[in-house]
Amino acid sequence: MMIKIPDTMSKLKSILSLLIILLLWPISAHASSHISFEFINLETSQQEASFPVGGSNEIIVASDDVDIRTLLPIQLKIQFDTKSLEMTIPENPQQFCRGPTGCSREGPVIPQSEGGFVEITAIDKDGNTIARYQTGTPPETPSPSPSPALSPSSTPSPPAAGVSEVEKEQVPQVKQPLLSNRNLGILLILIALALLVSATTFFGCPNLCTEGACQNCDLVAIRTTMHGTEPGDIEGLLKSLDYLEWLKWVPKVATPYGKKLIPAVVEKAKKIGEIIKKRGIKMKGVDVYATISWEECKKVSCWIFFTRTDWVKNQKEVKIPPFQQYRYLGMEDEAWRPERLFDEKNKEEVRLYIERVALKNCPEKCQSI
């Protein structure tokens, strides 16, 4: 017997595969990246292929395909003759980097020695050796323990921009352990996300209905308007008269008299509009509109990655034609007669008729319930 894997499980497997690829991609990318040293002779302001012994200099850790700023702080271990010292490129890209291609520190002045031995090693924030430079013959005696690290200079000279990469006895690969601090953090986030996705898939996103189903179609509102106009048209025109009150702030009108006159004029215009509305209804009749609403089962988003079925509310407005004894006869036979429509004795009869006609416009699946 074959077991069919639910669609949600296949989605979960796809997401986990994608996240694992994203986790491992930076590791493979860094493993094939080249990082090297560049040297600037500060006395001539020129780039040199080898460390400028005997003069002031700048040591640049550079790369064309790795953002060096992400490796800060970088420790520089320098050995020359039988001496050694350490210095650091601080985690301050604005002050010590020329951009993603290189970060630097002003190096120590190293005197010329017999054999001309100089070795420089760069170690990133995770303890990985990312570049090594060596020239000359190493001394036979072992190097003593490192002298105290040099503190960062408050006013370092800016790294030279646009210089080309110099490679000499460099470490061609950056070995980054699979479970370094950064990757361990990513792995923990991956596990947490997987647990969250599992929880929401099986417990947080159940289907709540059958797609396409319909329920609860009801009459929710009845509105009337003068025959030939849409609901709210006349009310909107009357409300727009309120904007005329802004005239009282116009410089030529903004007098004590003008500020009192404008509101009075607006109020009078509204009353005239109401009178015109009542006369129009009496002469032309009334149109009746009913609003119906219902719930339809549709697919909706759930926790970004998934979907489920849920009830979605819809509504529409329906124009209700008058039944025979309530309509005008003749030219306006599609209009309701206001004296009969608004008669208190006919209130319940009118409501039942409007509801019956309105609910005929419900979706077919709702009508069959």
Side-chain angles (χ1 to χ4, degrees), residues 27 30-91 96-98 101-153 156-157 159-160 163-178 180:
I27 301 173
H30 279 79
S32 61
S33 302
H34 288 75
I35 300 176
S36 62
F37 284 111
E38 296 176 2
F39 304 109
I40 303 296
N41 189 328
L42 297 180
E43 296 180 0
T44 62
S45 298
Q46 297 294 320
Q47 179 179 336
E48 297 187 2
S50 58
F51 182 82
V53 177
S56 57
N57 60 84
E58 180 136 4
I59 303 172
I60 305 171
V61 179
S63 175
D64 289 334
D65 53 5
V66 174
D67 189 341
I68 300 298
R69 298 172 298 184
T70 64
L71 305 178
L72 296 176
I74 297 175
Q75 184 182 20
L76 299 177
K77 291 186 176 182
I78 303 173
Q79 290 185 307
F80 57 96
D81 196 10
T82 59
K83 303 178 178 62
S84 66
L85 58 85
E86 295 180 4
M87 57 193 304
T88 302
I89 302 177
E91 191 174 3
F96 291 90
C97 299
R98 67 187 179 197
T101 62
C103 299
S104 66
R105 275 296 309 275
E106 185 175 342
V109 177
I110 297 177
Q112 185 70 45
S113 62
E114 184 178 354
F117 172 71
V118 177
E119 183 183 64
I120 305 175
T121 305
I123 302 172
D124 70 6
K125 63 181 180 181
D126 293 323
N128 303 309
T129 298
I130 56 176
R132 179 177 291 115
Y133 167 87
Q134 182 177 324
T135 185
T137 304
E140 295 182 359
T141 57
S143 300
S145 58
S147 58
L150 299 181
S151 59
S153 173
S157 57
V163 295
S164 61
E165 180 180 273
V166 177
E167 294 188 18
K168 184 175 181 180
E169 299 183 25
Q170 309 293 346
V171 176
Q173 294 185 343
V174 180
K175 296 181 180 179
Q176 192 170 27
L178 179 63
S180 64

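These numbers come from the heavy atoms of this one structure, side chains and all, not from hydrogens, waters or symmetry mates.
Between the side chain of Arg105 and the backbone N or O of Thr88 there is at least one donor-acceptor pair closer than 3.5 Å. A donor-acceptor contact shorter than 3.5 Å links the side chain of Asp124 to the backbone of Asn128.
Looking at Phe51 and Asn41, their side chains never come closer than 4.5 Å, going by heavy atoms from C-beta outward. Residues Thr82 and Phe117 fail the side-chain proximity criterion, which asks for heavy atoms closer than 4.5 Å. Side-chain contact between Pro111 and Val53: absent, with no pair of heavy atoms (C-beta onward) separated by less than 4.5 Å. Side-chain contact between Val61 and Cys103 is absent, with no heavy atoms from C-beta onward closer than 4.5 Å. Annotation: side chain of Asp126 is not in contact with side chain of Leu71 (no heavy-atom distance under 4.5 Å). With a 4.5 Å cut-off on side-chain heavy atoms, Lys77 and Gln75 count as touching. Ile120 has its side chain within reach of Ile59: a pair of non-hydrogen atoms, C-beta onward, lies under 4.5 Å apart. Here the side chains of Pro108 and Ile78 are in contact, with some heavy-atom distance below 4.5 Å.
One distance of note links CG of Leu85 with CD of Gln79; it measures 9.5 Å at 0.5 Å rounding. Separation of atoms OG (Ser104) and CD1 (Ile60) is listed at 5.0 Å; rounding is to 0.5 Å. Atom OG of Ser45 is separated from atom CD of Glu58 by 10.0 Å, given to the nearest 0.5 angstrom. Interatomic distance, Phe96 CZ to Glu106 CD, rounded to the nearest 0.5 Å: 10.5 Å.
With Ile123 as reference, Thr129 is the one residue of Thr129, Ile74, Ile130 to meet the side-chain contact (heavy atoms from CB on, under 4.5 Å) rule.
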For this session: Show your working on side chain to side chain contact (heavy atoms under 4.5 Å, CB included) between Ser63 and Ile68 and close with a plain yes or no.
Result: CA-CA 7 Å; Ser63 175; Ile68 300 298; 3.8 Å; yes
For this session: Report the C-alpha separation of Asn57 and Ile40 in whole Å, then their side-chain angles, then the decisive distance to 0.1 Å, and conclude whether the side chain to side chain contact (heavy atoms under 4.5 Å, CB included) test is met.
Result: CA-CA 6 Å; Asn57 60 84; Ile40 303 296; over 6 Å; no
Exercise. For Glu38 and Gln47, what are the C-alpha separation, side-chain angles and deciding distance, and is it a side-chain hydrogen bond (donor to acceptor under 3.5 Å, both in side chains)?
Worked result: CA-CA 7 Å; Glu38 296 176 2; Gln47 179 179 336; 5.0 Å; no
Problem set entry | Intermediate values then yes/no, side chain to side chain contact (heavy atoms under 4.5 Å, CB included), Ser113 and Val118 | CA-CA 9 Å; Ser113 62; Val118 177; over 6 Å; no
Problem set entry | Residues Glu86, Leu76; criterion side chain to side chain contact (heavy atoms under 4.5 Å, CB included); working and verdict | CA-CA 6 Å; Glu86 295 180 4; Leu76 299 177; over 6 Å; no
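Taking all atoms of both residues into account, the shortest heavy-atom contact from Glu43 to Gly55 is OE2-CA, 3.6 Å.
Side-chain rings of Phe39 and Tyr133 approach one another, their centers coming within less than 6.0 Å.
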